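Only this structure's heavy atoms are used, side chains among them; waters, hydrogens and symmetry mates stay out. So you know, we letter chains A, B, ... as the sequences are listed, proteins then strands, and number each from 1. All values reported here derive from a predicted model rather than from experimental measurement.
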Number of protein chains: 2
Amino acid sequence: MYEKKIPKNFSCGMAVLMEIIGGKWKSYLIYLINNGVRRPADLQRAIPSASRRVLDLQLRELEFHAIIKRVIYPEMPPKVEYFLTPFGESMLPVVASMEAWGGEYMETFRQLMESKKKSMHTEGESVEIKQEPVIRGRRTLAKAV
Amino acid sequence: MYEKKIPKNFSCGMAVLMEIIGGKWKSYLIYLINNGVRRPADLQRAIPSASRRVLDLQLRELEFHAIIKRVIYPEMPPKVEYFLTPFGESMLPVVASMEAWGGEYMETFRQLMESKKKSMHTEGESVEIKQEPVIRGRRTLAKAV
DNA sequence: TCGGATACGGATAATTTTTTCCGTATCCCC
DNA sequence: GGGGATACGGAAAAAATTATCCGTATCCGA
């Protein structure tokens, strides 16, 4: 069982949210559970490329953070279901806006990734060279920053 | 130079956004640049615990995704500034809502992390045991899911 | 000369996340 | 017996991210 060595600093809300939702499959899990896919095997079938072990781990993390709750039914074979908590539901508008923004950027993003594959690194595109003369006074100003 | 082996699937907007903003320091960088901290050394001073190398790498990624642009001034010693692009600015409302949600959860989060340190794993808290009888018909229903 | 300032990248090492593989359990059907 | 279904965790390996260390360059001041 891995134990982290470097303490994390959660001094801003963004870092907190990224800690909670940052795993590879967590947003998929939240979406699926919110849409009625509740049993572990069904979640696995819905995300066939995900490692079952990691799904389990990330479900446990979401549970730990009280985003979801786990309901165990006393029967055999085992039956378990996951539900969003009210607190987890409070996250849905944020998730929706993240999803919407990403969706708008999707096409551009794909083109970028394609061009990246073709030419590896063409990063000068957004570089702007200022045509200003070299004045010593500017150094002083920079120092004041 | 590391080369990734497993292709990623960006079939939802959420995955796209996480790819763009998912690095350890990226949200800090976006915040700082948006608030006028533009030069690499100033960014480094604003985040002293960050590795300078990783700051550079993540600035380059943000640039690649057209979230920020880099302006190089032709002078010596080198002078460079980063700015949010209009596209990058379109992300700010999303970032703000992420920040706000995380900020509300901050106190609870810290208490959870504290309790985790003390008892390592106390994960049964949100587990609910259903008190339903074992009926074979239920198996059939489960199969229909 | 050295140390400070500015900016940055390759190589390698350390840490972390994800994946694979092994194992646990019961029930049902061929 | 085997295979299928259900759910899950420890251990180790692989992949990915982050950090450290080395190096590149110019200018200025002690």
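Candidate nucleotides D:dC8, C:dC8, C:dA7 were compared by shortest atom distance to the side chain of B:Ala41, and C:dA7 ranks first. Side-chain proximity of B:Pro78 to the nucleotides C:dA7, D:dA7, C:dA5 is greatest for C:dA7.
Taking atom CG on B:Asp42 and atom P on C:dA5, their separation rounds to 12 Å, with Å as the unit. Here D:dC8 presents its C1' atom at 11 Å from CE of A:Met76, a figure rounded to the nearest Å. Distance, B:Leu59 CG to D:dT17 C1': 16 Å, rounded to whole Å. If you measure from atom CZ of A:Arg60 to atom P of D:dC8, you get 6 Å, rounded to the nearest angstrom. In this structure, CD of B:Gln44 is placed 16 Å from C1' of C:dG4, rounded to the nearest angstrom. One atom, CD1 of B:Ile72, and another, P of C:dC8, lie 7 Å apart when rounded to the nearest Å. For the pair B:Met18 CE and D:dA16 C1', the interatomic distance rounds to 15 Å; values are reported in whole Å. At whole-Å resolution of the value, CG in A:Leu55 and C1' in D:dA7 are 13 Å apart.
Side chains of B:Arg70 and B:Arg60 form a contact here, defined as non-hydrogen atoms less than 4.5 Å apart. Residues B:Ile33 and B:Leu43 are in side-chain contact: their nearest non-hydrogen atoms beyond the backbone lie under 4.5 Å apart. Looking at A:Val71 and A:Tyr82, their side chains never come closer than 4.5 Å, going by heavy atoms from C-beta outward.
In summary, the side chains of B:Glu99 and B:Tyr31 do not present any donor paired with an acceptor at a separation below 3.5 Å, with no hydrogens or angles considered.
Taking 4.0 angstrom as the limit, A:Arg39 places none of its side-chain polar atoms (N or O) nearer than this to OP1 or OP2 of D:dT6. When the side-chain nitrogen and oxygen atoms of B:Tyr82 are compared with OP1 and OP2 of C:dC8, one or more of them lie within a distance under 4.0 Å. Applying the 4.0 Å criterion to OP1 and OP2 of C:dT6, one finds that B:Arg38 has every side-chain N and O outside that range.
Linking Ile, Leu, Val, Met, Phe, Trp and Tyr whenever their side-chain heavy atoms come within less than 4.5 Å leaves A:Leu62 and A:Leu57 in two separate clusters.
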Next item on the list: If a protein heavy atom is under 4.0 Å from the base, mark B; if only from the sugar-phosphate, S; if neither, -; do that for nucleotides 16-21 of chain C going 5' to 3'.
Entry: BBSBB-
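Helix-axis bend for the helix from C:dT1-D:dA30 to C:dC30-D:dG1: the local axis fitted to the five terminal pairs at one end deviates from that at the other end by 40°, rounded to 10°.
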What side-chain donor-acceptor pairs closer than 3.5 Å can you find for residues 86-97 of chain A, not counting sequence neighbours?
from, atom 1, to, atom 2, distance (Å)
A:Ser90, OG, A:Phe87, O, 2.5
A:Ser90, OG, B:Trp101, NE1, 3.0
A:Ser97, OG, A:Val94, O, 2.9

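The salt bridge (charged side-chain N to carboxylate O under 4.0 Å, His left out) contacts involving residues 11-23 of chain A comprise A:Lys8-A:Glu19, where partners must be two or more places apart or lie in separate chains.
Under the rule for a salt bridge (Lys or Arg N to Asp or Glu O under 4.0 Å), the partners of A:Arg52 that lie at least two apart in sequence or sit in another chain are A:Asp56. A:Lys24 meets the salt bridge (Lys or Arg N to Asp or Glu O under 4.0 Å) test with no other residue; sequence neighbours excluded.
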